[in-house]
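Shown next, in structure tokens, is the structure this report addresses.
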Number of protein chains: 2
Amino acid sequence: MAARNYSRKREAILSKIRGTDTHPTAEWLYRALKPQYPDLSLGTVYRNLALFRAEGEIVGVGTVHGQERFDGDTSPHAHFICTDCGAVIDVKADTADDRLYAAVRARTGASVTSHALTFYGSCKACLEAVTGS
Amino acid sequence: MAARNYSRKREAILSKIRGTDTHPTAEWLYRALKPQYPDLSLGTVYRNLALFRAEGEIVGVGTVHGQERFDGDTSPHAHFICTDCGAVIDVKADTADDRLYAAVRARTGASVTSHALTFYGSCKACLEAVTGS
DNA sequence: ATGACTGCAAAGACTTTGCATCTTT
DNA sequence: AAAGATGCAAAGTCTTTGCAGTCAT
């Protein structure tokens with residue numbers, strides 16, 4: 001069962017993810033923690049992210065511009081992803097209720113454990129950058 | 001404006017995508033077409049997929065087990081993804097209506113152009129493989 | 001001590017791209 | 001001929017992993 005030992009860096013990584021709403025990449029976390037943990041390695045960040053995800057402590061939001069984005073907020077909510085700048089923004093609205101789960105289950109014969117609702121488009125900042133307003 | 005020339009292989013790739021509901025990967029398409037087009041290269045598949053996607057002729061469904069999955073059916077519908085075997089199954093149910101789009105727009109100030117609703121879990125086949133039924 | 005965690009660097013996997021060649025128009 | 005499309009192989013990115021050393025229990 002792979003008993004988990006305490007790890008200062010692991011705590012820092014989890015804390016960092018939970019302390020931001022930018023839905024960071026592994027690289028972002030690495031850079032953010034590097035100043036405080038000069039000997040931190042990217043491999044450790046990846047390893048811990050995989051661990052957190054396996055344990056349900058964080059969630060993957062999907063791949064944006066080739067990099068996986070993570071979310072420390074595991075409560076059900078949707079996301080908006082800017083296809084221009086790659087920003088991932090929380091959207092506190094979600095309509096996938098129990099009835100929908102049941103419907104998917106009925107139609108596919110599968111066991112449904114989670115879902116993701118994601119919107120795409122251009123974020124406010126990118127829109128304004130174009131119009132110059 | 002990059003006028004497009006006719007290409008036998010391009011047609012075959014698009015046709016292949018549209019002729020399956022497996023939401024294939026680039027590799028899958030490559031293998032599927034290789035017998036009939038022995039000199040087809042993987043690069044060509046990727047190039048055309050990128051082109052189709054840019055033109056809205058196909059849609060990316062997301063990355064599953066590290067590989068992007070494509071869908072030739074661009075009509076609005078949801079997907080179920082089996083986290084065990086990676087199967088991607090169409091779900092003809094979707095609740096993201098205009099009101100939701102408007103809500104996201106209002107909350108984020110962004111322009112919303114599309115969305116994706118994806119369910120995760122274990123597909124029927126994988127469930128049965130476990131129980132041995 | 002024993003098992004877990006990490007740094008480092010190499011390896012892996014998927015996708016993109018440069019260039020010469022062949023096709024389409 | 002001019003512009004576009006492709007094959008091939010190299011390069012690029014992101015992520016995973018083997019190994020030896022370090023830390024937690």
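Every chain is numbered from 1, with letters handed out A, B, ... down the list of sequences.
With hydrogens and angles disregarded, a donor-acceptor distance shorter than 3.5 Å links the side chain of B:Tyr101 to the backbone of B:His115. B:Thr25 places no side-chain N or O within 3.5 Å of a backbone atom of B:Glu68 that could act as its donor or acceptor partner.
Across the protein-nucleic acid pair, B:Glu55 atom CD and D:dG4 atom P stand 13 Å apart, rounded to whole Å. Regarding A:Leu14, its CG atom lies at a distance of 14 Å from the P atom of C:dC5, rounded to whole Å. Here the P atom of nucleotide D:dA9 and the CG atom of B:Asp39 are 13 Å apart, to the nearest Å. One atom, CD1 of A:Ile13, and another, P of C:dT6, lie 7 Å apart when rounded to the nearest Å. The nearest whole Å value for the distance from the OH atom in B:Tyr30 to the P atom in D:dT6 is 14 Å. Atoms CG (A:Leu29) and C1' (C:dT6) sit 17 Å apart, rounded to a whole Å. In this entry the distance linking CG of A:Leu42 with P of D:dT17 reads 14 Å, nearest Å. Here the C1' atom of nucleotide D:dA5 and the CD atom of B:Glu11 are 13 Å apart, to the nearest Å.
More than 12 heavy atoms of other residues, nucleotides or ligands shown are found within 6.0 angstrom of NZ on B:Lys9.
At least one side-chain nitrogen or oxygen of A:Ser7 sits closer than 4.0 Å to the OP1 or OP2 atom of C:dT6. Residue B:Thr44 places at least one side-chain N or O under 4.0 Å from the OP1 or OP2 atom of D:dG7. Under 4.0 angstrom from either OP1 or OP2 of C:dG7 there lies at least one side-chain N or O belonging to A:Lys9. Applying the 4.0 Å criterion to OP1 and OP2 of C:dT16, one finds that B:Tyr46 has every side-chain N and O outside that range. Residue A:Arg4 places none of its side-chain N or O atoms closer than 4.0 Å to OP1 or OP2 of C:dC5.
A:Glu27 comes within 4.0 angstrom of no nucleic acid atom, judged by non-hydrogen atoms across all strands.
Taking every side-chain heavy atom of A:Tyr6 into account, D:dT25 is the closest of D:dG7, D:dT25, C:dT16. Residue A:Arg47 has its side chain nearest to D:dT17 when only C:dT17, D:dT17, D:dT15 are considered. Residue B:Asn5 has its side chain nearest to C:dT25 when only D:dG7, C:dT25, D:dT25 are considered.
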Return a table of donor-acceptor pairs under 3.5 angstrom between the side chains of residues 44-54 of chain A and protein atoms on other chains or two or more places apart.
from	atom 1	to	atom 2	distance (Å)
A:Thr44	OG1	A:Ser41	OG	3.4
A:Asn48	OD1	A:Arg10	NE	2.7
A:Asn48	ND2	A:Thr44	O	3.0

query = For B:Glu57 and B:Ile17, what are the C-alpha separation, side-chain angles and deciding distance, and is it a side chain to side chain contact (heavy atoms under 4.5 Å, CB included)?
reply = CA-CA 10 Å; B:Glu57 294 165 86; B:Ile17 281 200; over 6 Å; no
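Judged by closest nucleotide on DNA chain C, A:Tyr37 is the one of A:Tyr37 and B:Arg53 placed further toward the 5' end.
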